[in-house]
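Written below as structure tokens is the structure these notes are about.
In what follows, chains carry the letters A, B, and so on, assigned in the order in which the sequence lines appear, proteins first and then strands, with residues in each chain numbered from 1. The figures here come from the full heavy-atom set of this structure, side chains too, leaving out hydrogens, waters and symmetry mates.
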Amino acid sequence: MEYPFRKIETKWQKIWEKNRTFYVDMDDPREKFYLLSMFPYPSGVLHMGHVSNYSIADAIARYKIMNGYKVLQPMGYDSFGMPAENCAIENHSHPEITTHENIDKMRKQFKMVGFGYDWDREVITCDADYYKWNQWFFLKMYEMGLVYKKSSYVNWCPSCQTVLANEQAEGGICWRCDSRVEQKEIEQWFIKITDYAEELLDHSKLNNWPQRVITMQKNWIGKSYGTQIIFKMVDEDIEIPVFTTRPDTIFGCTYMVLAAEHPLVEDFLQDNPREDEIRKFINGVINEDKIERTAEDTEKIGMFTGKYVVNPVNCEKIPIWIGNYVVMDYGTGAVMCVPAHDQRDFEFAQKYKLPIRIVIQNPDKTLELNSMKEAYVDEGILVNSSPFNEMDNRKAIQKITEWMEEKGYGYKTVIYRLRDWGISRQRYWGTPIPIVYCDECGAVTVPEDDLPVRLPKNVAVGKTRKNPLLSVPEFLNTTCPKCGGPAQRETDTMDTFFDSSWYYARFCDANNNNVPFEKAKANYWLPVDQYIGGIEHACMHLLYARFFHKFMRDIGLVVTDEPFSNLLTQGMVTKDGAKMSKSKGNTVDPQEYIDRFGSDTLRVFMLFASPPEKDVEWNDEGVKGAFRFLNRIWMLFKEKQAFLKSIPKSYTKEVEMPSYAKDLRYSTHFTIKKVTEDIHERMQFNTAIAAIMEHLNNISAFQCDESSEKIIQAVYYEAIAALPKLLQPFAPHLSEEIWAMLGNQTSILETSWITYDDKYLIKDQTTYVIQINGKLRSKIVVGLDTPKKEVEKIARADEKVLKYTEGKEIIKIIIIPKKLVNIVIKD
RNA sequence: GCGAAAGUGGCGGAACUGGUAGACGCGCUGGACUUAGAAUCCAGUGGCCGAAAGGUUGUAGGGGUUCGAGUCCCCUCUUUCGCACCA
């Protein structure tokens, strides 16, 4: 027989809604707890990954509620972006229609799973009342000097005449028409996230972030200390600065390499007889995949520009090359090359027969130029570097920099790998960037009062080439806010990371039409006490959001420095070892399982299958196992309902009881302790559920009926009565139902979390494991407080120990209290 | 390629601080119930040797530290995530 999960689940979902259990406001005197899961892209169907992610959050929410918190758990939809636009193209529909249909479907599903959301705060990023504030923030950033325009490269399909996302240009081939993708330089809007690089490196206010995320962010920002060295061109009044972390090798610099994108490259081509050849080379490099291009094992190729610079420290004339292994995104786009002490430079110099000069000598084994097979990158003593010869190279880094600063050759500097945030997208389904181009006034921001700049609806999605918004004259043509003359709107839209960078703050005051959110409300709820989402967001989303928060602080909207004080990065749901995806055809529809087994079963399976940080491998049989467990609970309550009502609920008097009853009482209190600690301290739900299963096994094995002694009945009642409380985070509907079956009139969520009593966790005996030379040989059971000496005596007298130690010399005995005895003997 | 992680039975996982490896669940095997199946219940279940007691081996592979290593250190391999226009 199956328990009536459908009836139970709809019943309690209705009661929670009627009681407004999950709706919160500031007036409520309970302490706040803001719990947030990364909001989904509304694909229209709930994905297993959503169920997994949101089941984790909901478990925490329910636990926190029962611990006296008012939990703000909102939900929304990250509904701008490429997939909606693509879907509209395929289905000849409009993103606005499909997106809202999808949102309605997903909301319905969320409700069917019974997640405890405050639906009054729902946020939909593609609605004008949300994206209006994206535009408003853009204007504020503009005022702050954080916004600028610069040219940069995009993937361009010459055949489709459109810009492609990286995923649409994989392998340098257009996903639609298989044309070769080109790199096209266009003007785009950037946000100066690098202004905050230093502060973003400070994770000290994030008490409970996974170390790996912090490390990944640090590496992403990539701060390095170094020296900017200024090289002057021969016969021309042009300076080329380079950044190096190894100024100690400057005397060994024998050539310079510029990135193919370096602005000077174009100038160098003007009077160059090899212009065509070089231009062809540059185009080839620029269109190469960036990751491959900078990979260490990629062949280094280059071309001589015909130009020279002077190495300031020794006045040597050195050639300027263009190379594929230098990128414009890092440093100055130009590097000083020291082939003797940098592997990439070494390979390049060998290939093109460029001079190599040793300037750091290996103190252990003298380097010979002729026999060098690779660059010497380790420490050593400076040579060929007068006046710094014989100096330790590590000391020379600082000395040479100081010397260069004195001479004006260069200066100490810090650079970051982090680049400014390019927010321009040449697409339709995103927030219009509130800029107007006027022939007279140039780029002008749209005045605050004119916001939102609405995304026009009448776009033939997919039918346009270039920017879709260019094809809507009513949108495009406008008047200049400054001079009133004719002007055109910016047709780029914003990166959707912009939407998701501040949505957590909007949830604090989701329906405000006058401001993005009221400061008082944001500062009441923020920071998010627990944020939950995938590890794939470690660098980008989480850095953008941290940046945005600091920016909002600087314009006086929030008072904290960080948006998310605790972070949990959950794993993904896999099947056959791979991430579930449509393209792999290994998806499983949660709805099927909700219909067949109920939402509680799905939750329990998800939470039981692995710890939240790890991936969950989908397993049909495992789901049935979870269902079986919940059925066993249900049957227990159904069968014992009348009996439980008839027996004593507690034992006040300390009556001696048989050991099997003590064991059950121990199980009850131990399980409460285990579940509480697993949720509270470790957020490890799989072991918490395992503990409940074990406890259920103990209850099942326990003999108790009408004829049992009162005290036995009371112990039995206590053991069973713990179940609804312990199950609330994992199987909330069933928990409520069995709570009601015990005769309770109100929702279990209105009651407190269950506590345990330490005194029932004390055992009067303890087991020592006995090892001989580290191998398990025997066990002894002794009184709890048996002194070490006594334990040793008992251990030595143990029959099996005697067998192994007979005639052998005992070297030492290690005793770990309440754990083990290790007897070390001579073999 | 670079950066970050992970690797434990047939499977998902447990072992939290260096101290009994394999909790709990799935699967499998045997049994009970049943006309039969499903469901449920009971017992067993890392490998090898053994009827058993017990022994031996075992946490991706190789080395090391330690009385003792899944856990700490070094090297190698494999897998996953990210690499800036997927969200």
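One can place NZ of A/Lys638 at 16 Å from C1' of B/A39, the figure rounded to the nearest angstrom. Atom CH2 in A/Trp189 sits about 17 Å away from atom P in B/C85, given to the nearest Å. In this entry the distance linking CD1 of A/Ile699 with P of B/C24 reads 15 Å, nearest Å. Atoms CD1 (A/Ile813) and C1' (B/G68) sit 15 Å apart, rounded to a whole Å.
When only modelled atom types and interatomic distance are considered, A/Gln426 and A/Gln188 share a side-chain donor-acceptor pair under 3.5 Å. A donor and an acceptor atom, one from each side chain of A/Asp615 and A/Thr574, are nowhere located under 3.5 Å apart. For A/Tyr804 and A/Arg777, the side-chain atoms include at least one donor-acceptor pair closer than 3.5 Å. One side chain, A/Tyr148 or A/Asp420, offers a donor N or O that lies under 3.5 Å from an acceptor on the other.
Within 4.0 Å (heavy atoms only), A/Val163 reaches at least one base atom of the nucleic acid. Here A/Met693 lies in heavy-atom contact (under 4.0 Å) with sugar-phosphate atoms only. Among the protein residues, A/Asp678 comes within range of no part of the nucleic acid, since none of its heavy atoms lies under 4.0 Å from any strand. Nucleic acid contact class of A/Phe497 (heavy atoms, under 4.0 Å, all strands): base. Nucleic acid contact class of A/Met38 (heavy atoms, under 4.0 Å, all strands): none. Contacts of A/Arg417 with the nucleic acid, taken as non-hydrogen atoms under 4.0 Å apart, include base atoms. Using a 4.0 Å heavy-atom criterion, one finds that A/Arg419 contacts the bases of the nucleic acid, with or without backbone contacts as well. Residue-level contact check: A/Arg632 touches the backbone only, with heavy atoms under 4.0 Å from sugar-phosphate atoms and none from bases. Among the atoms of the strands shown, only primed sugar atoms or phosphate atoms (P, OP1, OP2) are found under 4.0 Å from some heavy atom of A/Val824. No engagement by A/Ala538 is indicated, since no non-hydrogen atom pair under 4.0 Å with the nucleic acid exists. No contact: A/Asp329 has no heavy atom under 4.0 Å from any strand. Using a 4.0 Å heavy-atom distance criterion, A/Pro40 is classed as making no nucleic acid contact. Within 4.0 Å of A/Gly422, counting heavy atoms only, lie sugar-phosphate atoms of the nucleic acid but no base atom. Among the protein residues, A/Thr767 comes within range of no part of the nucleic acid, since none of its heavy atoms lies under 4.0 Å from any strand.
Counting heavy-atom neighbours within 6.0 Å of A/Arg546 CZ, excluding the residue itself, gives a total above 12.
Syn is the classification of B/G9, since its glycosidic angle stays within 90° of 0.
Toward the 5' end of RNA chain B, the nearer of the two residues A/Glu621 and A/Asn822, judged by each one's closest nucleotide, is A/Glu621. Take the nearest nucleotide of RNA chain B for A/Tyr804 and for A/Arg427: the residue whose nucleotide is more 5' is A/Tyr804.
A close approach under 4.0 Å does not occur between any side-chain nitrogen or oxygen of A/Arg425 and OP1 or OP2 of B/C86. Contact annotation: A/Gln684 side-chain N/O to B/A15 OP1/OP2 distance is under 4.0 Å.
Residues A/Asp798 and A/Ile780 have side chains in contact (heavy-atom distance under 4.5 Å, counting atoms from C-beta outward).
Contact annotation: side chain of A/Glu617 to base of B/C26, donor-acceptor pair absent below 3.5 Å. Below the 3.5 angstrom threshold, one finds no donor paired with an acceptor across the side chain of A/Lys819 and the base of B/U20. In the interface, the side chain of A/Asn166 is not paired with the base of B/C85 through any donor and acceptor atom under 3.5 Å apart. In the interface, the side chain of A/Gln771 is not paired with the base of B/C67 through any donor and acceptor atom under 3.5 Å apart.
The pair A/Asp678-A/Lys674 counts as a salt bridge, with a side-chain nitrogen and a carboxylate oxygen less than 4.0 angstrom apart.
Pair assignment for B/A52: none, as no Watson-Crick or G-U wobble contacts are both less than 3.5 Å.
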